[in-house]
Amino acid sequence: TAADDKELVEVIDITIPSVRSRRIVLENEARLRMFYEESPIPYQALDEKGNIVEVNGAWLEVLGYMRDDIIGRYFGDFLTSESREKFTVYYKKFRAAGRVDNIHFDILRADGSIRTILFTGRIGHSAEDGSIFIYCVFSDITEQKLGFKKIKRLNTILKAISVINRYLIREKDEQKLIKAICSRLTAARSYDSAWIVLFDKSGKVRLSAESRIGEGFSELIGKIKSETQVPCIKNALRDNSVVVIAEPEKTCSICPLVHKHQKNAGLTAKLAMRGKTYGILTVYIPPEYLNYEEEIHLFEGVANDTAFI
């Protein structure tokens, strides 16, 4: 009938645009997926539970994984414990807000090393079933973060040197002075710990002080007084340069402090001026700081200033 024909036309008019729109959405989705797959920027898609459903080649290249090893796994499994907790918090906020921008996470590479990433994401919906997906990109900012960390650390040491110079002018009591210097060197974690020994004209210990050394220091002083050859002191008195002890547990086995500082590196320098040696200064630092070429020069400056005692 005419009425039936009209109804059929209306159905066709509604259906054809709907099918066409659906095809356009799917084509756009495929085009977008191709863009992300070939992008040099690491990309990943997570489902609503935070499991990885897709990554591109750049993601695999930066982090060193094989695709089969990561698809279907929870993204938090690839983060450090601290960042995993952070991700859990932000993921809830992310889903509520629909977006997240410039969030830092520390992520584990396949070789066990850690990279710092800057994370940005948006929520989308599948054209097929309307399910939620979180589309994310990130950039590796590890080197920038290390550069900032390096500058911050070196500025901390420069500030310590400035304060020490004021101590040298104001404090006349040598025992109080070397104690104040050690405390200043470990303030704000410029160094993890520090100790100073001053010698008399005959080379015997006359004064000593430490900060954050604690147990073992009195035993160390006893060894020095008994003229036991402590490697860092022996080498520092012999050389005019800073002695670097990269692995104390291997080179300083007789030192009473080795067990506390076996995971740190040591820097030792003699306190000398105009050819005369007044004492020894030693500090301990995380070993990665040895990669900063300025680290040794700044410590040498600390020792040169302290020699004015």
Side-chain angles (χ1 to χ4, degrees), residues 153-188 190-213 217-246 248 251-252 254-257 261 264-285 289-290 292-309:
R153 167 164 178 74
L154 297 181
N155 283 336
T156 299
I157 297 175
L158 287 171
K159 184 177 179 180
I161 291 174
S162 175
V163 174
I164 287 171
N165 284 331
R166 293 201 294 271
Y167 288 165
L168 291 169
I169 295 171
R170 297 174 182 174
E171 184 58 67
K172 304 306 179 183
D173 185 305
E174 286 186 310
Q175 181 62 61
K176 291 181 180 179
L177 176 59
I178 60 174
K179 177 59 180 177
I181 290 173
C182 287
S183 297
R184 182 66 247 181
L185 290 176
T186 59
S190 300
Y191 298 104
D192 284 0
S193 53
W195 56 266
I196 293 174
V197 171
L198 298 183
F199 303 127
D200 60 19
K201 293 181 180 180
S202 64
K204 303 293 184 180
V205 175
R206 65 184 183 88
L207 293 174
S208 63
E210 55 86 17
S211 178
R212 302 180 68 89
I213 295 291
F217 185 64
S218 59
E219 186 179 348
L220 172 65
I221 297 303
K223 285 183 177 294
I224 298 173
K225 288 180 176 180
S226 65
E227 300 185 359
T228 301
Q229 294 290 326
V230 179
C232 62
I233 297 177
K234 175 185 175 182
N235 294 335
L237 292 175
R238 182 191 62 204
D239 301 332
N240 290 320
S241 57
V242 173
V243 175
V244 177
I245 308 295
T251 56
C252 301
I254 68 167
C255 179
L257 307 181
H261 298 285
N264 283 351
L267 300 178
T268 298
K270 64 182 175 183
L271 306 178
M273 188 170 53
R274 300 188 185 92
K276 183 177 180 180
T277 298
Y278 295 92
I280 291 289
L281 168 64
T282 294
V283 297
Y284 297 94
I285 59 174
Y289 289 163
L290 294 179
Y292 303 164
E293 59 178 310
E294 298 91 344
E295 186 78 33
I296 307 300
H297 296 309
L298 283 176
F299 176 69
E300 192 171 30
V302 172
N304 289 338
D305 285 355
T306 305
F308 279 92
I309 292 175

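Computed from a predicted structure; not experimentally measured.
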**Q** Return the minimal non-hydrogen interatomic distance between Ala307 and Met273, and the atom names on each side.
**A** O-CE, 4.0 Å

**Q** Using a 3.5 Å distance criterion without hydrogens, assess whether the side chain of Glu300 forms a donor-acceptor pair with backbone atoms of Glu295.
**A** no

**Q** Quick check: are there more than 12 heavy atoms from other residues, nucleotides or ligands sitting under 6.0 Å from CZ of Arg170?
**A** no

**Q** State, yes or no, whether a side-chain contact exists between Ile245 and Cys252 at a heavy-atom distance under 4.5 Å.
**A** yes

**Q** List the steps and the verdict of side-chain hydrogen bond (donor to acceptor under 3.5 Å, both in side chains) for Ser241 and Asp239.
**A** CA-CA 5 Å; Ser241 57; Asp239 301 332; 4.9 Å; no

**Q** So do Arg166 and Val163 actually touch side chain to side chain, heavy atoms under 4.5 Å?
**A** yes

**Q** Do you know which of Leu185, Ile181, Leu177, Asn165 makes side chain to side chain contact (heavy atoms under 4.5 Å, CB included) with Thr306?
**A** Ile181

**Q** Do Arg212 and Phe217 meet the cation-pi criteria used here (NZ or CZ under 6.0 Å from the six-membered ring centre, within 45° of the axis)?
**A** no

**Q** Determine whether Ile157 and Tyr191 make a side-chain contact, defined as any pair of heavy atoms from C-beta on separated by less than 4.5 Å.
**A** yes

**Q** Nearest 0.5 Å, what's the CD1-CG distance between Ile254 and Leu257?
**A** 11.0 Å

**Q** Taking side chain as C-beta onward, heavy atoms only, is Val197 less than 4.5 Å from Thr282?
**A** no

**Q** About how many Å separate OG of Ser211 and CD1 of Ile178, when rounded to the nearest 0.5 Å?
**A** 12.0 Å

**Q** Are Lys234 and Glu227 close enough for a salt bridge, meaning some N to O gap below 4.0 Å?
**A** no

**Q** On a heavy-atom basis, which atom in Lys270 and which in Ala236 lie closest, and how many Å separate them?
**A** CD-O, 3.4 Å

**Q** Would you please name every residue forming a ring pair (Phe, Tyr, Trp, His ring centres under 6.0 Å) with Phe299, sequence neighbours left out?
**A** none

**Q** Are any non-hydrogen side-chain atoms of Val230 and Leu220 less than 4.5 angstrom apart?
**A** yes

**Q** How about Ile196 and Lys179: do any of their side-chain heavy atoms sit closer than 4.5 Å?
**A** no

**Q** Flag the pair Leu271 / Leu198 as yes when at least one side-chain heavy-atom distance between them is below 4.5 Å, and no otherwise.
**A** yes

**Q** Can you give me the closest heavy-atom contact between Trp195 and Cys232, atom names plus distance?
**A** CZ2-SG, 4.3 Å

**Q** For Ile285 and Arg153, run side chain to side chain contact (heavy atoms under 4.5 Å, CB included): C-alpha distance rounded to whole Å, both residues' side-chain angles, the deciding distance at 0.1 Å, then the answer.
**A** CA-CA 11 Å; Ile285 59 174; Arg153 167 164 178 74; 3.5 Å; yes

**Q** So, do Val244 and Leu267 sit near enough that their side-chain heavy atoms are less than 4.5 Å apart?
**A** yes

**Q** Can you tell me how far NZ of Lys176 sits from OG of Ser183, rounded to the nearest 0.5 angstrom?
**A** 13.5 Å

**Q** With sequence neighbours excluded, what pairs up with Tyr289 under the ring pair (Phe, Tyr, Trp, His ring centres under 6.0 Å) test?
**A** Tyr292

**Q** Which heavy-atom pair separates Ile233 from Ile280 by the least distance, and what is that distance?
**A** CG2-CG1, 4.1 Å

**Q** Between the main-chain N or O of Ile169 and the side-chain N or O of Lys172, is there a donor-acceptor pair closer than 3.5 Å?
**A** yes

**Q** Please walk me through it: do Thr268 and Asn235 pass side chain to side chain contact (heavy atoms under 4.5 Å, CB included)?
**A** CA-CA 9 Å; Thr268 298; Asn235 294 335; over 6 Å; no

**Q** Which heavy atom of Ser190 sits nearest to which heavy atom of Ala160, and what is that distance?
**A** OG-CB, 4.1 Å

**Q** To check you understand the geometry: which heavy-atom pair defines the closest contact between Ile164 and Arg184, and what is its length?
**A** CG1-CG, 4.1 Å

**Q** Could you give the distance from OG (Ser193) to CG (Asn264), rounded to the nearest 0.5 Å?
**A** 6.5 Å

